[in-house]
Amino acid sequence: MTDLVRRAQRGDMDAFEELVITQSPSVYRLARAYVGDAGAPDLAQDVFAAAWRALPKLRDPGSFGPWLHRIAVNRCRSAVRGGGRVREIPMDEMTADRTADPHDGFGAVEARAIVGPAFRRLADDQRAVIALHYAAGLSIRECGEVLGVPEGTAKSRLNAALEALRRDVGRVRP
Amino acid sequence: MGRHEDAVDVFLADLGAVPVPGDLAASVMRRIRDERPPRASRMPAWFAAAAVLATAVLALTAFAWIVAGPGPAPTPVPSTAPMSTTAPSAGTTQPPSPSPIPSPTVQPPAEVTYFEVDLVAEGMTLPLGMSVVVGDASGKVRSVVPWRGQHPSAGNPYNLAFGPGRDGSSLVVAWVGGGCHYRARLDLAGDGATFALRFPDPIGCDAIGIGYAVEVRFSGPIDVATFTGRWSEDLLTRADVAAPTGVAFIDWQHGFTAWRTEPGDAVILATNDGGATWDLAGLGVGTVTAIAVTGDGRAWAGVRCDSALQGCFPGRYRYDDGGWVRVDLAWPVALSFAADRGAALVVSAGSPVDGSGIQVPDLRLTEDGGETWTTIASPCPSTLRRQDVSRVDSSTIVVLCEADNTDRISLKELHRSTDGGRTWSKPTYAPYEGTGMHMDLVADGTGWMWGTGSPLLATVDGGLSWAVPDVAEGDPRSVLVADAWGLGAGIRLVIDQDRFVLNLVTTDGAQAELDAFPIPCCGG
């Protein structure tokens, strides 16, 4: 991937497209965790467009993955905060694609309705580490790289986030 | 309860299992191709030929330079470059007469002005690829000649700056070559007297330290104000997502706000009219971790770097004569100056060069306006690494310690010293929620505390007691950063219907009418 990044830094769009193909699943799922199905494609596009513009700044091509996901997290945070261009659409309010999504059975929809509001009430950093680990599929170490914290901190942050999420879900829907 | 835990598990599994739209990558690439390419986008058509010429001249002259060898030594670097990365020394830290706020009178030019230099260096061998893009109302590239100098030291931040008028209005740019692609960017001082180019730090790159430079001569005088105006305009249109990271006001009229734009620029805006209008007062790469002003009106800022950001120079910066000068390498996470210029305090991360990660901070004091610092024992337990500090006066210091687990009700401690940090006590205060807490106190004992998920708290007794003032809060998360500057009042930076605005709150419950001015940073 480092070679692709170097080529993309020199303006090779074919190389950048390969990076997009490789990274788009995790970026899309990360965006979806924040803004839901309807907003995720646009937000993912925003992330890659921003990455393309900023790519010459990237000093270490080997750190492209964490760097890209850091952009994604920042974009997602801005989107749900209202400062960005993407409007937050809560996942539990979206039902249009239930039948089209084989993974989106009754259990998933119900889980979104129950857990989605609690997920959105999490602190920024907690939401980020959950989204990075579970949605984007990053390892704990990679989460730490994205968030700029040691691996141990990322792990404890994830545990605290999960605990807070479970606690909130239990409190909201006793 | 078990049912709800199951729901959490299903929710988490669903996050990573959802199928990705098949046309996503294609859509992304269509959008990118539809957008103007980053480098070529701003090149005026009439200038393309000049750019080609510049490239050819560069190649020839660089070849001649290599054959002929290096020439005279480079011109020294002025100390007034914005976000200057000049290596700190004792001589550069002496504060001249303060001029903390730039003139707000710079007007954007009628015609588009842009300056950009790109360089692609492939290993050690020619040819170099280079484009020079210059456009203004009067300037054309007259020639591009090699700079007869060799980079003094690979691995050092490096820059050059010349005021207009030198050698017929010339601008000298330089960079470090090797296996890197550097996109140098023009930094401009707000006072209109100098402009400077900041160079990426080659540390971490496989550059071997060969220096190249060109001197771009313009056919007409360069109107620095024109460049400054365009630069500001470009800044505000280029960054479409930004988050505030700090606010610091000297008085009712004069203040700064710091922003982090996506994906990594640090922007500082200054106002001279209480927030009605804003001017660019600094631009760099990184995150402004703290910004504060001294009693005599000088501004200080800390810059942190994410490790992957090229061109970012962490450290403590001072705003002098319209530009930011890095005075040391320790980047502070909290800065607080008492009204007495001779008393100041900083909490700084332990690793000054590599800004990644959170380390146990130091607590440092200065009694001479920030020139020299003494590290003292922090009252915070080692587990509470997220800290903020306020220097109320020469003897009173308040430290807020918080766990780094970002829980909504994170563990916190408040410590207060009235003997300059020799002994500490824990004030009694009401428990509060929130995370990422900050505070700011001033000499009359007025102070504020705020954070994510927390109401705005106020103190009128120098941090001994805290209460929620009777201020209409709305969404408490909207309180992003606040700054106290005495007389029972404080500046608050909030989100109001997708706009960032300033307003004024007081400790007696009133929400005074500073008005809610939109801040032009940095959204579209």
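Looking at A:Arg32, its side chain never comes within 3.5 Å of a backbone N or O of A:Gly39 through a donor-acceptor pair. Not one N or O on the side chain of A:Gln23 forms a donor-acceptor pair closer than 3.5 Å with the backbone of A:Val20. Not a single donor-acceptor pair under 3.5 Å links the side chain of A:His133 to the backbone N or O of A:Val129.
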* Audit row: A:Glu163, A:Arg167, salt bridge (Lys or Arg N to Asp or Glu O under 4.0 Å) steps and yes/no -> CA-CA 6 Å; A:Glu163 184 182 346; A:Arg167 190 170 58 237; 3.6 Å; yes
* To do: Might you work through the salt bridge (Lys or Arg N to Asp or Glu O under 4.0 Å) test for B:Asp9 and A:Arg166, ending with a clear yes or no?
  => CA-CA 10 Å; B:Asp9 292 338; A:Arg166 295 184 195 281; 3.2 Å; yes
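Under the 3.5 Å distance criterion, with hydrogens and angles disregarded, a donor-acceptor pair is assigned to the side chains of B:Arg30 and B:Ser27.
Residue A:Leu30 does not touch chain B at all, counting heavy-atom pairs closer than 4.5 Å. Using a 4.5 Å cut-off between heavy atoms, B:Leu12 contacts chain A through both its backbone and its side chain.
Listed in order of number, the residues of residues 12-19 of chain A that approach chain B to under 4.5 Å between heavy atoms are A:Met13, A:Asp14, A:Phe16, A:Glu17.
Using cut-offs of 30° and 60° on the angle between ring planes, the pair A:Phe119 and A:Tyr34 is perpendicular.
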